[in-house]
Amino acid sequence: MIPVSLEINGKTTDAQADPRTHLADFLRNQQYLTGTHIGCEHGVCGACTVLLDGVPARSCITFAVACDGAQITTIEGLRDDPIMADLREAFAANHALQCGYCTPGMLISCRDILMRLPDADEARIRRELSGNLCRCTGYVGIVTAVKSVQQKRKATGASAIVMCKTLGPVGARPSREGGRAPAVRRGSEAAPSAPPLDQTAPVSAQQWRTVEAEGVELRQSFQVPFARDVVWNYFEHLDRVVRCMPGARLLGSPVGNRAEGEVNVKLGPFVSAFKGIAEIERDPSRHAGVVRAMGRDAKSGSNARAIISYRLQSQGEAATQVDVSVKFLLAGSLAQFGRLGLIKDVADHLTRVFANNLKAALSGTLGGNDSDKPLTAGSLAWLALRGRIRAVLAKLRPRANPITRSDRFDSR
Amino acid sequence: MKPSRFDFVRPASLNEAARLLGEAGGVAKAIAGSQSLGPMLNLRIAQPELLVDLTSISELTAVTEHRDHVEIGACVTHADIEDGRIPDPSLGLLSFVAGGIAYRAVRNRGTLGGSLAHADPAADWISAIPLLGAELLTQSSRGARVIAAERSMVSSFVTTLEADELIRAIRIPKMSPRSRWGFCKFNQKVGEFAHAVGGILYDPDNRRFRAVLGAIETAPIIVADATTLFAGPFGPDLDKRLDVNAVLALLDAKAVTDEYTRQLAPVALKRAAKQASAS
């Protein structure tokens, strides 16, 4: 808990806040100011909008501890505000609310529009209201209400009201600690993390069919200067192949066609550790194989299932083309983030690094046990740089051999 | 939907912040306005053990104007820029971009430096700032560094910043008065993350003709010499001269395969070119 001192609706309030408590929860649960509503809790719907230092801010993605010393005004604190009084009346007259859930945030945003943009036309009003979602009234009544107050204010000669402020995020204040070394304040204890995946549970055929049908597919092809049999034999050793996957390692020796393992990924704010199982199938007649893997990241509670298929095609006596296809499905919070393209970008990088490492391993140049380290920004930076060097080299070379995409990430 | 447990510290200086991040060894995250990291914490996609709050560091809101550039502190907000509370080196481009970021309530807290360090590929500044030929002035325990903005982002959420390295300020060159710009953020709902970004900057006195293709689900593509995309120098009706195949070749080189993105990217750039060359 951290001591915080806030001015809430004109009253100085001293309280204790857990670092992870956002301002909306703090206001509702600790100050009993339940006029501030919570909708999406990730800054999209606008129901939680309050005034921070006099201007609108999202209380669901602002932590209470980051507002130490700030001035907070909730809908309760605007009872006697003249613009809000006009707005309340106009909302009622124009049927600008039905269920009322969005209304506190909506009113605060409308008040901001009236003060900041007294001449806003309807298009501008609608644009400014884009950050407040209403699912009942369809906005027509809300826009009409804003316009009616706007006209009333114009008739009385009101002009824009500029809230004087210093630069930087609203609510931010100088540190309490002044010049002293700042103290790290402990947060409350962590809740127990989600249970790991049951390693012994069989994976149903239906689960894999779903991955086949709905999974995101990534493909990589690359050539290695070895005969197909050499490559095929290498692929027999799961531990060696796994070592080529950045951040991946086996947990114990494979039993039959089944192995336990984990994959660690650290990218910017994301840190995940997927633990799980893999089942391996090999078809010597086609020089092809399939690895079906599923794992769970206990921290984020996300599940991943992937089908990794590879096929080796002979390209003469001392060259083999490796075609790798990855199909994967994510469930849980990572998937709920709803930004599939990002996950694909990351998976794309993983596949590329894997292809590079595999090539290096086959050539006997893969140094040490790289895969023990999680995939990090550094390794991606290097990969990108290598890609760029390669692209420059490619430009300088005659175009006798067309450059394929996979070649661009060649490590040689 | 609540974040998992973390500790919190609010240093008063950049050196203290860098030291704290360095000592935490990768389990800490720097946080400013919390408008990007906040949602990720709430969704538990990000679960750092320590947050180092930068918003008490006065140095980070300093803005200084120089003869040929403006230095904007990393914690200056989108709304600060939108409202013209700082000197503008860009003939309105910065303010235009700022006004299109998310919603006013978000812009009142979201910061320029935070957005660049977070490196969400669909964000606005990661495209606009490199287009302007800006540089990031950073600080870590090992000292200061200057990074060209176009070389700072590597891929989604990945930058060349070290774990204990913080953006102190963004140095933006002043555009000459005859300069032109165009910037198109394509989205279906006002304020959402971009589906595509196209940008053009033409500064004849400084011999710059640059372009950017952004929101391509990885780091944006910066074209330092845009004549290659328009079969010649900047001029009227620039949009009509866009070589779509040249754009697609750039996307190929970045392994951008998504059909929707490949459709939108040339359109966004075309609209930016139209805006830049309109008389």
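Chain letters run A, B, ... following the sequence lines, proteins first and then strands; every chain starts at 1.
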Results of side-chain hydrogen bond (donor to acceptor under 3.5 Å, both in side chains) for Ser36(B) - residues two or more places apart only: none

Under the side-chain contact (heavy atoms from CB on, under 4.5 Å) test, residues paired with Arg85(B) that sit two or more places apart: Lys165(A), Leu167(A), Ala79(B), Asp80(B), Asp83(B)

Please state whether the side chain, the backbone, both or neither of [X] comes within less than 4.5 Å of a heavy atom of chain B.
X: Thr49(A); answer: side chain
X: Leu52(A); answer: side chain
X: Arg126(A); answer: neither

May I ask you to test the [X]-[Y] pair for a side-chain heavy-atom distance under 4.5 Å?
X: Leu133(A); Y: Lys189(B); answer: yes
X: Phe63(A); Y: Asp53(B); answer: no
X: Pro19(A); Y: Asp7(B); answer: no
X: Arg109(B); Y: Ile61(A); answer: no

Gln35(B) and Arg58(A): CA distance, side-chain angles, deciding distance, side chain to side chain contact (heavy atoms under 4.5 Å, CB included) verdict: CA-CA 8 Å; Gln35(B) 303 301 287; Arg58(A) 300 286 204 236; 4.1 Å; yes

Among the listed options Asn108(B), Ile57(B), Val9(B), Thr55(B), the residue most often paired with chain A at heavy-atom distances under 4.5 Å: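 Sorted descending by pairs with chain A, the first entry is Asn108(B).
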
Closest-packed option against chain A by number of heavy-atom pairs under 4.5 Å, given Gly73(B), Ser34(B), Ser4(B), Gly38(B):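 Greatest number of close heavy-atom pairs with chain A: Ser34(B).
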
Full working for side chain to side chain contact (heavy atoms under 4.5 Å, CB included) between Thr21(A) and Lys2(B): CA-CA 8 Å; Thr21(A) 300; Lys2(B) 311 295 169 193; over 6 Å; no

Heavy atoms from other residues, nucleotides or ligands near CZ of Arg145(B) exceed 12 (cutoff 6.0 Å): yes

Crowding at CD, Gln263(B) (>12 non-hydrogen neighbours, <6.0 Å): no

Rounded distance [0.5 Å steps], CZ in Arg104(B) versus CG in Asn132(A): 13.5 Å

Separation between CZ of Arg219(A) and OG1 of Thr257(B), rounded to the nearest 0.5 Å: 11.5 Å

Could you tell me which non-hydrogen atom of [X] sits nearest to which non-hydrogen atom of [Y], and how far apart they are?
X: Cys75(B); Y: Pro169(A); value: O-CD, 3.3 Å
X: Arg20(A); Y: Phe6(B); value: CA-CZ, 3.4 Å
X: Asn42(B); Y: Cys60(A); value: ND2-O, 3.0 Å

Best-contacting candidate, Gly105(A), Gly168(A), Ser272(A), against chain B by heavy atom pairs under 4.5 angstrom: Gly168(A)

Side chain, backbone, both or neither of Phe8(B) within contact of chain A (heavy atoms, under 4.5 Å):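 Both parts, heavy atoms under 4.5 Å.
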
Val184(A) vs Leu50(B), side chain to side chain contact (heavy atoms under 4.5 Å, CB included): CA-CA, chis, key distance, verdict: CA-CA 8 Å; Val184(A) 174; Leu50(B) 172 68; 3.7 Å; yes

